Colleague: 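Below you'll find the structure I mean.
If you're wondering where the values come from, they're calculated on a predicted model, not measured in any experiment.
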Amino acid sequence: MYSSDYFEFFSPVKIISGEHALSTLNYELDRLHVSKPLILTNQSLDEMKILDTLLSHLKNDSINQRQIIKTIPNQATIEIVKKASQRYKDLECDGIIALGGEAIIDTAKGINLMISEQVEDLKDLAGIETAHADMQPFIVIPTTSSTGSEAALTAVINDESSKRVLEFISSKLIPDLAVIDPTMTFSLPPRLTASTGVDALVHAVEAYTGLQTNPLSDAYAFAALKLIGQNLRELVKDVNNKKHRVAMNNAAVMAGISFSNSHAGIIHAVGDACEKIAGVSHGDALSVLLPHGMFYNLKFDYCRNSYQDILIALEGRDKFIETGLEDRALIAVNAVVSILNELRSLTGIPVTLKEIGVKRNQFDDIVDKAMHNSAILNSAGQVNREDIKNILEAAF
């Protein structure tokens, strides 16, 4: 069900996925005319030898230590973007490789904006479609199966001086290449594997049920949901299983492509607000809020119709056929709850907002923040403050 006969879909990123995907990297760098990349990662990935794995696939004489920044923080900041941009210019680099999760990828997107637009202050480019110059070649090698940032047109970067969170939305931010190699994510423990998998699940659910869905975004979201239903729990039980790991990596990138084109909704808006106000983990917040947001959406026919398809994706055709028409949407939500319950049993992912550190006296601020999130505009119905407050209370 689509809100309009007109839609736009944009996904220019080249995706290389599967075992040995990294072996193609030198060819791809040559194709993009990159001979001196700036590599971004963090200390943890260095200590876990993930960086070494990447470097072993690059030409031995093409990288010096000054080209590698291992100090990217857990949240992208204006300050680190500015320092890294200066390093890029000083070394006369000609491309960017982001090895890591969302913060590292967002940092790389900020650097690309600063370098390509030749600005002194990244804050000048905050907002929607502010970039117009040709971007620097940009390669992403994700190390989590969650954010879909490797295919997304958004970046979130903190301005610590003003205590603001700046959002950048532009088709120019989408990477040229995403290398999805299971060896980059094998080190994830069960708890983090579960949390990142739920993040991808939320992306797919909201991309499939928002007001800006279209046939192409639906195809990606539905495929992602099928892969998540078939592989997430099995992967958490055996985090070194290549088959399940590749499947979840693919699900994450497909969900990312989908929600980049049809956008997130109320679950993401409230989850982001909890993260910003209470300082909680993004994945933990979404794990808690997902069922409550879906139950809220059941009151809208628009979402109920979409949820029937989610039942097919997660539980299969036989379950769909044996479930009465009027019950399919509710059973779809129950299927999501079943996945979450099993993950909680296996890894202890959280059940309540209180458990992860959100306080009831923060609710008003969380509501304020959520109401100003653009994802609210993509949610079914006219979301008001009371709706968000009710979701928070139910999740507390």
Colleague: Write down the atom of I78, the atom of I157, and the distance for their closest heavy-atom approach.
Modeller: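 The pair with the smallest heavy-atom distance is N-CG2, 3.5 Å.
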
Colleague: Salt-bridge test for E234 and K237: reply yes if a basic N is under 4.0 Å from a carboxylate O, no otherwise.
Modeller: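 Yes, charged N to carboxylate O under 4.0 Å.
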
Colleague: Is any side-chain heavy atom of I388 less than 4.5 Å from a side-chain heavy atom of I376?
Modeller: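 In contact.
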
Colleague: Identify which one of I97, L29, N26 satisfies the side chain to side chain contact (heavy atoms under 4.5 Å, CB included) criterion when paired with V34.
Modeller: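 Answer to the side chain to side chain contact (heavy atoms under 4.5 Å, CB included) test with V34 among I97, L29, N26: L29.
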
Colleague: I'd like to know whether F259 forms a ring pair (Phe, Tyr, Trp, His ring centres under 6.0 Å) with Y208, so could you lay out the CA-CA distance, the side-chain angles of the two residues, the decisive distance to 0.1 Å, and finally the verdict.
Modeller: CA-CA 8 Å; F259 90 86; Y208 200 80; over 10 Å; no

Colleague: Check for me, please, whether L32 and L99 land in the same ILVMFWY cluster - side-chain distances under 4.5 Å, paths through other members count.
Modeller: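 Hydrophobic grouping puts L32 with L99.
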
Colleague: Tell me, which pairs form a side-chain hydrogen bond (donor to acceptor under 3.5 Å, both in side chains) where one or both residues lie in residues 316-339, sequence neighbours left out?
Modeller: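 Not a single pair qualifies under side-chain hydrogen bond (donor to acceptor under 3.5 Å, both in side chains).
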
Colleague: Do T53 and H57 come within less than 4.5 Å of each other through their side chains, counting heavy atoms only?
Modeller: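 Of all side-chain heavy-atom pairs linking H57 with T53, at least one is under 4.5 Å.
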
Colleague: Hydrogens and angles aside, do S287 and D284 bring a side-chain donor and acceptor to less than 3.5 Å of each other?
Modeller: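 No, D284 and S287 have no side-chain donor paired with an acceptor closer than 3.5 Å.
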
Colleague: Is any side-chain heavy atom of L211 closer than 4.5 Å to one of S379?
Modeller: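 Of all side-chain heavy-atom pairs linking L211 with S379, none is under 4.5 Å.
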
Colleague: Measuring from atom CD1 of I339 to atom CD1 of I228, what distance do you get when rounded to the nearest 0.5 angstrom?
Modeller: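 Those atoms lie 8.0 Å apart.
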
Colleague: Do F9 and F7 make a side-chain contact, defined as non-hydrogen atoms from C-beta onward lying under 4.5 Å apart?
Modeller: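 F9 vs F7: side chains touch.
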
Colleague: Please answer whether the main-chain N or O of G229 pairs with a side-chain N or O of R233 as donor and acceptor at a distance below 3.5 Å.
Modeller: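 Flag set: sc R233 to bb G229 pair under 3.5 Å.
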
Colleague: Which pair of non-hydrogen atoms, one from A194 and one from T347, has the smallest distance, and what is that distance?
Modeller: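 Reported closest heavy-atom pair: CB-OG1, 3.8 Å.
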
Colleague: Give a yes or no on whether the ring-centroid distance for F396 and F363 is below 6.0 angstrom.
Modeller: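 Close enough - the centres of the two rings lie under 6.0 Å apart.
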
Colleague: Can you tell me how far CD of Q308 sits from CG of L330, rounded to the nearest 0.5 angstrom?
Modeller: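 Here the interatomic distance stands at 11.5 Å.
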
Colleague: Can you name the nearest heavy-atom pair linking E150 to A252, along with the distance?
Modeller: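 Heavy-atom minimum between the residues: OE2-C, 4.5 Å.
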
Colleague: Can you pull the salt bridge (Lys or Arg N to Asp or Glu O under 4.0 Å) pairs that have at least one residue in residues 285-299, sequence neighbours excluded?
Modeller: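 Qualifying pairs, neighbours excluded: K299-D387.
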
Colleague: Show the nearest heavy-atom pair for residues L91 and R66, with the distance to one decimal.
Modeller: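 Closest pair (atom of L91, atom of R66, distance): CD1-O, 3.2 Å.
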
Colleague: Looking at side-chain heavy atoms only, is the closest gap between L227 and M248 below 4.5 Å?
Modeller: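 Contact flag for L227/M248 side chains = no.
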
Colleague: When hydrophobic residues are tied together by side-chain contacts of less than 4.5 Å, even through go-betweens, does L25 share a cluster with I63?
Modeller: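 Yes, because L25 and I63 connect within a single hydrophobic cluster, where side-chain heavy atoms sit under 4.5 Å apart.
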
Colleague: Should we say atom NZ of K354 is surrounded by more than 12 heavy atoms from elsewhere, each under 6.0 Å from it?
Modeller: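 Open.
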
Colleague: Less than 3.5 Å apart, any donor N or O on the side chain of E393 or N390 sitting next to an acceptor on the other?
Modeller: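 Result is no, nothing qualifies.
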
Colleague: Does this structure show an ion pair linking R31 with E28, if we count only N-O contacts that are shorter than 4.0 Å?
Modeller: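 Judged by the 4.0 Å cut-off on N to carboxylate O distance, R31 and E28 do form a salt bridge.
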
Colleague: Just by distance, do the side chain of D181 and the backbone of T183 share a donor-acceptor pair under 3.5 Å?
Modeller: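 Yes: the side chain of D181 pairs with the backbone of T183.
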
Colleague: Using side-chain contact (heavy atoms from CB on, under 4.5 Å), reason through L122 and K82 one step at a time and then give a plain yes or no.
Modeller: CA-CA 8 Å; L122 183 62; K82 186 174 182 178; over 6 Å; no

Colleague: So, do Y307 and F300 have ring centers that fall under 6.0 Å from each other?
Modeller: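 No - the distance between ring centres of Y307 and F300 does not fall below the 6.0 Å cut-off.
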
Colleague: Tell me, with the steps shown, if S162 and D159 meet side chain to side chain donor-acceptor pair (under 3.5 Å).
Modeller: CA-CA 6 Å; S162 66; D159 179 9; 2.7 Å; yes

Colleague: Rounded to the nearest 0.5 Å, how far apart are CG of L177 and CD1 of I15?
Modeller: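 Interatomic distance, L177 CG to I15 CD1, rounded to 0.5 Å: 9.5 Å.
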
Colleague: Honestly curious: do V13 and L216 fall in one hydrophobic cluster under the side-chain, below-4.5 Å linking rule?
Modeller: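 As far as the 4.5 Å side-chain criterion goes, L216 and V13 are connected within one cluster.
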
Colleague: Would a distance-only check, ignoring hydrogens and angles, find a side-chain to backbone donor-acceptor pair under 3.5 Å from D106 to V156?
Modeller: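 Answer holds: yes.
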
Colleague: Is the backbone N or O of I266 less than 3.5 Å from a side-chain atom of E206, with the two atoms forming a donor-acceptor pair by type?
Modeller: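 At least one qualifying donor-acceptor pair exists.
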
Colleague: Are the side chains of L58 and I39 in contact, using a 4.5 Å heavy-atom criterion?
Modeller: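 Result yes, sub-4.5 Å side-chain heavy-atom pair found.
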
Colleague: Counting distance only, does the side-chain N/O of T143 pair as donor-acceptor with the main-chain N or O of M184 below 3.5 Å?
Modeller: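 Checking the backbone N and O of M184 against the side chain of T143, no donor-acceptor pair under 3.5 Å is found.
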
Colleague: Please determine whether a side-chain nitrogen of the Lys or Arg among D94 and K36 lies less than 4.0 Å from a carboxylate oxygen of the Asp or Glu.
Modeller: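 Looking at D94 and K36, the cut-off is not met.
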
Colleague: Using modelled atom types only, decide if a donor and an acceptor are shared between the side chain of T196 and the backbone of L192 within a distance under 3.5 Å.
Modeller: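 Side chain of T196 to backbone of L192, a donor-acceptor pair under 3.5 Å: yes, one is there.
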
Colleague: NZ/K123 to CG/D121 distance, rounded to the nearest 0.5 angstrom?
Modeller: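 Going from the NZ atom of K123 to the CG atom of D121 covers 3.5 Å.
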
Colleague: Compile the donor-acceptor pairs under 3.5 Å between side chains in residues 126-136 and protein atoms, sequence neighbours left out, one pair per line.
Modeller:
from : atom 1 : to   : atom 2 : distance (Å)
E129 : OE1    : S170 : OG     : 3.0
E129 : OE2    : S171 : N      : 3.1
T130 : OG1    : L125 : O      : 2.6
Q136 : OE1    : Y88  : OH     : 2.7

Colleague: Filter on salt bridge (Lys or Arg N to Asp or Glu O under 4.0 Å), then keep only pairs touching residues 260-283, sequence neighbours left out; what's left?
Modeller: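 Salt bridge (Lys or Arg N to Asp or Glu O under 4.0 Å) check on residues 260-283 returns no pairs.
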
Colleague: With a 4.5 Å cut-off on side-chain heavy atoms, are K109 and F138 touching?
Modeller: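 A side-chain contact exists here, since the closest heavy-atom pair is under 4.5 Å.
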
Colleague: Do S17 and N250 have side-chain atoms, one donor and one acceptor, less than 3.5 Å apart?
Modeller: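 Side-chain D/A pair, S17 to N250: present.
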
Colleague: Where the side chain of R245 meets the backbone of V239, is there a donor-acceptor pair that is under 3.5 Å apart?
Modeller: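 Present.
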
Colleague: Nearest 0.5 Å please: distance from the CG atom of L153 over to the OG atom of S11.
Modeller: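 OG of S11 is found 9.5 Å from CG of L153.
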
Colleague: Could you tell me whether a side-chain N or O of E117 sits under 3.5 Å from a main-chain N or O of M114, the two making a donor and an acceptor?
Modeller: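 It does not hold such a pair.
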
Colleague: Roughly how far, to the nearest 0.5 Å, is CG of L173 from CG of N112?
Modeller: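 With rounding to 0.5 Å, CG (N112) is 7.5 Å from CG (L173).
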
Colleague: Indicate the atoms forming the closest heavy-atom contact of P37 with Q67, along with that distance.
Modeller: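 Heavy atoms of P37 and Q67 come nearest at O-NE2, 2.7 Å.
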
Colleague: Hey, could you give me each pair passing salt bridge (Lys or Arg N to Asp or Glu O under 4.0 Å) that has a residue in residues 368-382? Not counting sequence neighbours.
Modeller: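 Checked against salt bridge (Lys or Arg N to Asp or Glu O under 4.0 Å) - neighbours excluded - the pairs reaching residues 368-382 are D368-R385.
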
Colleague: Using the side chain to side chain contact (heavy atoms under 4.5 Å, CB included) rule, pick out the option among V140, L45, N74 that qualifies with I104.
Modeller: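 Running side chain to side chain contact (heavy atoms under 4.5 Å, CB included) over V140, L45, N74 with I104 returns exactly one hit, L45.
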
Colleague: Using modelled atom types only, decide if a donor and an acceptor are shared between the side chain of S217 and the backbone of T213 within a distance under 3.5 Å.
Modeller: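 No.
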
Colleague: Applying the side chain to side chain contact (heavy atoms under 4.5 Å, CB included) criterion to L290, which one of V202, V337, V333 satisfies it?
Modeller: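 For L290, the side chain to side chain contact (heavy atoms under 4.5 Å, CB included) test succeeds with only one of V202, V337, V333, which is V202.
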
Colleague: Hey, could you give me each pair passing side-chain hydrogen bond (donor to acceptor under 3.5 Å, both in side chains) that has a residue in residues 254-266? Not counting sequence neighbours.
Modeller: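 Every candidate side-chain hydrogen bond (donor to acceptor under 3.5 Å, both in side chains) pair involving residues 254-266 fails, so no pair, neighbours aside, qualifies.
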
Colleague: Determine whether L377 and I267 fall in the same hydrophobic cluster, where Ile, Leu, Val, Met, Phe, Trp and Tyr are linked whenever their side-chain heavy atoms lie under 4.5 Å apart.
Modeller: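 No, separate clusters.
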
Colleague: On a heavy-atom basis, which atom in A370 and which in A273 lie closest, and how many Å separate them?
Modeller: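 Smallest heavy-atom distance, with atoms named: N-CB, 3.7 Å.
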
Colleague: Quick one: do M48 and I141 end up in the same hydrophobic cluster if we chain Ile, Leu, Val, Met, Phe, Trp and Tyr together by side-chain heavy atoms under 4.5 Å apart?
Modeller: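 Same cluster: M48 reaches I141 through Ile, Leu, Val, Met, Phe, Trp or Tyr contacts under 4.5 Å.
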
Colleague: Tell me, do L51 and K70 make a side-chain contact under 4.5 Å, heavy atoms counted?
Modeller: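 With C-beta onward as the side chain, the pair touches.
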
